Amino acid sequence: MQHASHERDAWGSRIGFVLAAAGSAVGLGNIWRFPYVTGQNGGAAFVVLYILFVLLIGMPVMVAEVVVGRHARRNPVGAFRRIAPKGLWYLVGFLGVATGIGILSYYSVIAGWTFGYFIKTLFGAFSRTLTPEESIEIFNRFVSHPAMSIGYLFVFLLLTTIVVMGGISSGIERWVKILMPLLLALLVILTLRSVTLEGARKGLEFYLKPDFSKIDGGAVAMALGQALFSLSLGMGAMITYGSYLGKRENIIVSAGWVCFFDTLVAVIAGFLIFPALFSMGLDPAGGPGLVFIVLPTIFPEIPLGTFFGTGFFLLLAVAALTSTISLLEVTVAYMVDEKKWRRKPAALFMSSLAFVLGIPAALSFGGVAWLSRLPRIGLGFLDLMNISLGNYSLTLGALLIAIFVGYKWGIAGVRAEVEEGGNVFFFRKIWTFLIRFICPVAIFAIFVYIVVTKNYF
Ligand code: PFF
């Protein structure tokens, strides 16, 4: 007797994959991280380098991941196993799933802050003039408050879990169809407000005038690392989302849209942040605290500041949510495909695991002293997670995926998959050259660079 094999869930519409994958890519990396990293690394010169890496490295690796996923119709572990049944390649999939749960845990801590700041701003916390010291004080009190940071971590993971429990077409796709247009609308409204502030010009000049003297090895590694992280590459998120993609879709076109959209949002985020900063005479190299510490001092000074401030933190929270959804989905797909769990318990189990792992990260900003500065390592727990997973593991994963697709599986297999359903493999020769030669060499080089110099991105 034949087993009642469940049909695998799939995107319900052509735009479903592009919106969900763009939602995964567009996240805190674009709106929180990209502007301050750009500010610290020479403004426009860094942006040029970044775009180059998206085109030469990010786009080819994205195509590689989506092709693997669609061909195998499996989570990352199952996908490597199916294409290369012998050997240890499936371990690359395991690395991805483990990295996914780890990134989900600490990423949700910061995502929780954005949600907390959304609530704070909504209720008028930033409606009166603040000195920079007061703003730092508010931030430190917030992130070192154990119940507050763990509570918001919980809320954020809960939202993520609810969406993922709904499945692909009636969960993730349904939600990204609402959240992505909302994100775009907020981004456009806020950017228009920022560039029309008095004194915005100086910010635009800083952002648009390249200073190539700032570009050194560190900036190059930063640009490539940021491109991989921002495009959600190196841990199988795109393998997983690609596994739900229909055979009629053109993978090159779909991946192209995702890369374009992700880069567009990052570049626009610069137009949102820099004019606002410069209009207040503030420092563009403000670092990670930029959006939580510096921006709240600006809101009280502009008309309808509470409205725009609330919109800004809502924008961050929405961007983060569509990313945490993809992080959780990678691990859920693994449990569903490989361990035959049902989706709902798998989502609950994996998000609970992320919650437990996230607790020490949430307490590492003053909540618990030793977690905030780990003995001998000297870093906070969240920073350590970000360096080992966001830097080392994603870079290693992207390197191995490029080698796997370029050499182990091989170009013929990729070509057959891309051309399935009569699709054209645009830029096939260029892609082949990039994935076999340029991507492995460039990604290996920055991997060595961060290992040797400990100059993380
Ligand atoms: N791309 C997301 C960002 O830029 O914030 C982060 C991320 C999401 C990385 C999902 C990796 C991933 F699988």
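In what follows, every heavy atom counts, from backbone to side chain, and hydrogens, waters and symmetry copies are set aside. Since this is a predicted model, take the numbers as computed values, not measurements. First listed ligand is number 1; within each ligand, the first listed atom is number 1.
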Fill in: Pair R342-M165, side-chain contact (heavy atoms from CB on, under 4.5 Å): steps then yes or no
CA-CA 10 Å; R342 277 174 299 122; M165 285 206 301; over 6 Å; no

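Aromatic ring orientation, F126 versus Y117: parallel (interplanar angle below 30°, classes split at 30° and 60°).
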For residues 46-67, which side-chain N or O atoms pair as donor and acceptor with protein atoms under 3.5 Å away, sequence neighbours left out?
residue : atom : partner : partner atom : Å
Y50     : OH   : S230    : OG           : 3.4
E65     : OE1  : M238    : N            : 3.3
E65     : OE1  : I239    : N            : 3.4
E65     : OE2  : G234    : N            : 2.8

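For residues 151-164, the side chain to side chain donor-acceptor pair (under 3.5 Å) pairs, not counting sequence neighbours, are T160-T324, T161-S351.
For ligand 1, the protein residues placed under 4.0 Å by at least one non-hydrogen atom are S24, A25, G27, L28, G29, N30, Y107, F229, S230, S232, M235, A237, S323, S326, L327.
Applying the ring pair (Phe, Tyr, Trp, His ring centres under 6.0 Å) criterion to Y449, with sequence neighbours excluded, gives no partner residue.
In W175, the CH2 atom is not crowded: 12 or fewer heavy atoms of neighbouring residues, nucleotides or ligands sit closer than 6.0 Å.
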